[in-house]
Novice: 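Dropping the structure in here first, questions after.
So you know, we letter chains A, B, ... as the sequences are listed, proteins then strands, and number each from 1.
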Number of protein chains: 2
Amino acid sequence: MKADVDRRPVTLEEVARVAGVSRATVSRVVNGVATVDRELRQVVEKAISTTGYTPNRAARSLVTRRAGAIGLVLPDEGRTLHDPYFGRVVAGVLPVIRPLGVQLVLTTTDPGGHREVVDDVRQRRLDGVILIHTHGADPLPRLLIESNLPVVLAARPVRPMPITYVDVDQAAGAGLAVDHLVARGCRRVATITGPLDAPAGQDRLRGFREAVARHGLPEPLVVEGDFSREGGAAAARELVAAEGRAGEGFDGLFVASDLMATGALPVLRNHGLRVPEDVKVVGFDDSSPAVECDPPLTTVRQPVEDMAAEMARLLVERVERPDRPVSSVVFAPTLVVRRSG
Amino acid sequence: MKADVDRRPVTLEEVARVAGVSRATVSRVVNGVATVDRELRQVVEKAISTTGYTPNRAARSLVTRRAGAIGLVLPDEGRTLHDPYFGRVVAGVLPVIRPLGVQLVLTTTDPGGHREVVDDVRQRRLDGVILIHTHGADPLPRLLIESNLPVVLAARPVRPMPITYVDVDQAAGAGLAVDHLVARGCRRVATITGPLDAPAGQDRLRGFREAVARHGLPEPLVVEGDFSREGGAAAARELVAAEGRAGEGFDGLFVASDLMATGALPVLRNHGLRVPEDVKVVGFDDSSPAVECDPPLTTVRQPVEDMAAEMARLLVERVERPDRPVSSVVFAPTLVVRRSG
DNA sequence: CTGAAAGCGCTTACAG
DNA sequence: CTGAAAGCGCTTACAG
């Protein structure tokens, strides 16, 4: 085989010449337009395969005004990229856009780089974007909405805004955790929450409280965390201290993220509390720490791949019909039972 | 702000009209061609900012024959995407290509989908590709070389071929591990290797043996693993059994991947061997299991981000000058000391 | 230093 | 059902 890059790629023009038809006809068969005569189509198809033709995407983009690519935007923090969540999103998105011939472009918003993302869309390098891990202060969602560019969020926005998003039913997830603790015989439950200025933090706490009430359990211990391992450890220390003061123990603990749970576990152990014998622990996320830590965590799992696939579908639809109203889809979480609870 | 997507984007043409110059001149200032008169340049720059012009990439690509995008190709296995290694690669690549205005496109090779990757490059949707996690049977590297398309491998190819790659000095990494075990007082060392049909498996074993010889240690126990957790557990069982038969213990263990180490650790513990008191363990990769497992692993770390940045640089260079000879760059590993060894 | 013009490789009304 | 032609928005020799 000769150097494909040296010799100029085959163009429509050449295929047309070989097939003895016009460029328009070749274009029609390439794009599967139905109105082409059977025999002509076959002639063209043969010409395509003998010449090894493959369409130039830039040329097509120029006239169709479609980039044929969508962006996956993450905040520029190492943390995010190393989180397996990111890979699960990619694994969910790829299978839906691949058959459509759409590429997935990865971007991070470096400090002050929000403009770049908007520009990428305006330059028609991207038909739309999926935003994951956006936090409250992030101006990007609003920037994109104001520019009327197709965008889908990976979670309910912090402040209500007219935007398409996909989320898991956070409250229901917390409910699953409490139901499980109760089913395992827990009577006094506690929780380490996420940051309460984040929707996920709020919703998981709300779901927790609702489930506690539903089961008729006594007033639970509640300590706020921040989704970090250290935050989980600190909250756990507060919890065991409070326990001493109140003179009442807890036998079930719902931690609003696995990462916080990995911080809390050693604290409980050092305090003489065995997991799951003395206190049963349930996390949230089913992230990799959940399976690596000791004991492995019973945890609430989000169907991330399914959610990501849905985000891709919604985005593609918005690209196609920008005028359609925004929508949101909420997925049901599941419980993964391991040894901690 | 009005809907940017409804109104047609501003073109060069309009900027030219506003500035009262030709399209060629606007193009020159946009592309930073030095020969433009100072004053004219300023007029044009003002026109650009008042119109909010941003160049259409497809149009530019069409004439420059550059996609302005490179691909990151991974095998289509869930495993790969969930591996934090993947995120580290992305984190390394992005900062080098971003300032160049180059996009990073993610692709997996679904079964029989190698052709697609080649096509993406031939369609000029991708200027070149970075291949990670390619295994011996993967036909893609050869396919790309034969098509003379710019490609960089994330590791030394299984079989020698004229290809640009970046790797870590695997043997040196194993040497680091042995040096550390010896420094900690180990006298009889053992190893669980990677699959010996993979370069990484071979090189780490070679480095291990060389270091053992260098330190004048007795003949070590060697059991082959396969880089999986279960493989690590199986190998560890073999090791403790062999230990019994031979009547000789080992007090230091080098496991050629962290994941295998997480499988081996419980086996050692169940066999009454305390880590690190009875046997010190060193892993390889510094992957997330290394920090999550109990005890946290002392391990050999690859400078993945630096390596990925170098891959990006090499690829961009190859895109620019396809005629240049292939090259390879080897990075030095470091040792991360935790509690296991 | 600047502009007129050709051309990159497609798609898509518009005729026929 | 098919083709001639215009046009998508740029860059780049080529003159001047």
Novice: When you measure from every atom of DNA chain C, which of residues 42-59 of chain B have a heavy atom less than 4.0 Å away?
Specialist: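 Of all residues in residues 42-59 of chain B, none places a heavy atom under 4.0 Å from DNA chain C.
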Novice: Output the single nucleotide from dG9(D), dC10(C), dA4(D) whose closest atom is nearest the side chain of V63(B).
Specialist: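 Among dG9(D), dC10(C), dA4(D), the one nearest the side chain of V63(B) is dG9(D).
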Novice: Between atom CZ in R23(A) and atom P in dT11(C), what is the gap in whole Å?
Specialist: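 From R23(A) CZ to dT11(C) P: 10 Å.
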Novice: Kindly indicate whether the side chain of V21(A), heavy atoms from C-beta on, has any atom under 4.5 Å from the side chain of V26(A).
Specialist: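 The answer is yes, as the side chains (C-beta and beyond) meet within the 4.5 Å cut-off.
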Novice: Between the main-chain N or O of R318(B) and the side-chain N or O of R324(B), is there a donor-acceptor pair closer than 3.5 Å?
Specialist: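 Between the backbone of R318(B) and the side chain of R324(B) there is no qualifying donor-acceptor contact (under 3.5 Å).
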Novice: Rounded to whole angstrom units, what separation is found between the CZ atom of R28(A) and the P atom of dA4(D)?
Specialist: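 Atom-to-atom, R28(A) to dA4(D), this comes out as 11 Å.
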Novice: According to a strict under-4.0 Å criterion, is T25(A) in side-chain N/O contact with OP1 or OP2 of dG3(D)?
Specialist: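 For T25(A), the contact criterion (side-chain N or O under 4.0 Å from OP1 or OP2 of dG3(D)) is met.
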Novice: Sort out the partner of dA4(C) for me: Watson-Crick or G-U wobble, both distances under 3.5 Å, none otherwise.
Specialist: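 Pairing partner, where one exists within any strand: none, as none qualifies.
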Novice: I need the full list of salt bridge (charged side-chain N to carboxylate O under 4.0 Å, His left out) pairs touching residues 58-72 of chain B, with sequence neighbours left out, sorted by first then second residue.
Specialist: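 Those involving residues 58-72 of chain B are R66(B)-E320(B).
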Novice: Give a yes or no answer on whether the side chain of T107(A) reaches the backbone of V73(A) with a donor-acceptor pair at less than 3.5 Å.
Specialist: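 Answer holds: no.
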Novice: Mind checking who dA13(C) pairs with, Watson-Crick or G-U wobble, both distances under 3.5 Å?
Specialist: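 Looking at the geometry, dA13(C) pairs with no nucleotide.
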Novice: Working to the nearest 0.5 Å, report the span between CG of L40(B) and CD of E45(B).
Specialist: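 Output value for this atom pair is 11.0 Å.
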Novice: Is any side-chain heavy atom of Y53(A) closer than 4.5 Å to one of V44(A)?
Specialist: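 V44(A) vs Y53(A): side chains apart.
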Novice: Tell me the interatomic distance from E39(B), atom CD, to dC1(C), atom P, rounded to whole angstroms.
Specialist: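 Rounded to the whole Å, the gap is 14 Å.
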Novice: Please check the phosphate of dG9(C) (OP1 and OP2 only) for any side-chain N or O of R65(B) closer than 4.0 Å.
Specialist: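 Yes, because at least one side-chain N or O of R65(B) sits under 4.0 Å from OP1 or OP2 of dG9(C).
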Novice: Can you tell me the distance, in whole Å, between the CG atom of N31(A) and the C1' atom of dT12(C)?
Specialist: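 Result: 11 Å.
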Novice: Using a 4.0 Å cut-off on heavy atoms, which residues in residues 13-21 of chain A reach DNA chain C? List them by number, or say none.
Specialist: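 By residue number: none to list.
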Novice: Do the side-chain N or O atoms of S27(B) get closer than 4.0 angstrom to the phosphate oxygens (OP1, OP2) of dT11(D)?
Specialist: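 Answer is yes, contact under 4.0 Å.
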Novice: Between D127(A) and G68(A) (side chain of the first, backbone of the second, donor and acceptor by atom type, cut-off under 3.5 Å), is there such a pair?
Specialist: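 Answer holds: yes.
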Novice: Check whether any side-chain N or O of T164(B) sits under 3.5 Å from a backbone N or O of S327(B) as a donor-acceptor pair, and report yes or no.
Specialist: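 Answer holds: yes.
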Novice: Whole angstrom is fine here: how far is it from CG in L62(A) over to P in dG9(D)?
Specialist: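 Distance check: L62(A) CG to dG9(D) P gives 7 Å.
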Novice: Take the angle between the ring planes of Y85(A) and H133(A) and call it parallel below 30°, perpendicular above 60°, tilted in between.
Specialist: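 Taking H133(A) first and then Y85(A), their aromatic rings sit tilted (interplane angle of 30° to 60°).
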Novice: Is the side chain of R98(B) donor-acceptor paired with the backbone N or O of T108(A) at a distance under 3.5 Å, no angle test?
Specialist: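 Yes.
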Novice: What is the distance, rounded to the nearest whole Å, between atom CG of L12(A) and atom P of dA5(D)?
Specialist: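 Those two atoms, CG and P, are 17 Å apart.
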Novice: Within the pair T11(A) and dG9(C), is there a side-chain N or O less than 4.0 Å away from OP1 or OP2?
Specialist: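 The answer is no; no side-chain N or O of T11(A) sits under 4.0 Å from OP1 or OP2.
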Novice: Between atom CZ in R125(A) and atom C1' in dC10(D), what is the gap in whole Å?
Specialist: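 One finds 14 Å between C1' of dC10(D) and CZ of R125(A), rounded.
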Novice: Between R60(A) (CZ) and dG9(D) (P), how many Å, whole number?
Specialist: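 So the two atoms are 18 Å apart, to the nearest Å.
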Novice: Identify whether any heavy atom of V36(B) sits under 4.0 Å from a base atom; if not, whether one sits that close to sugar-phosphate; answer base, sugar-phosphate or nothing.
Specialist: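 V36(B): backbone/sugar contact only, no base atoms under 4.0 Å.
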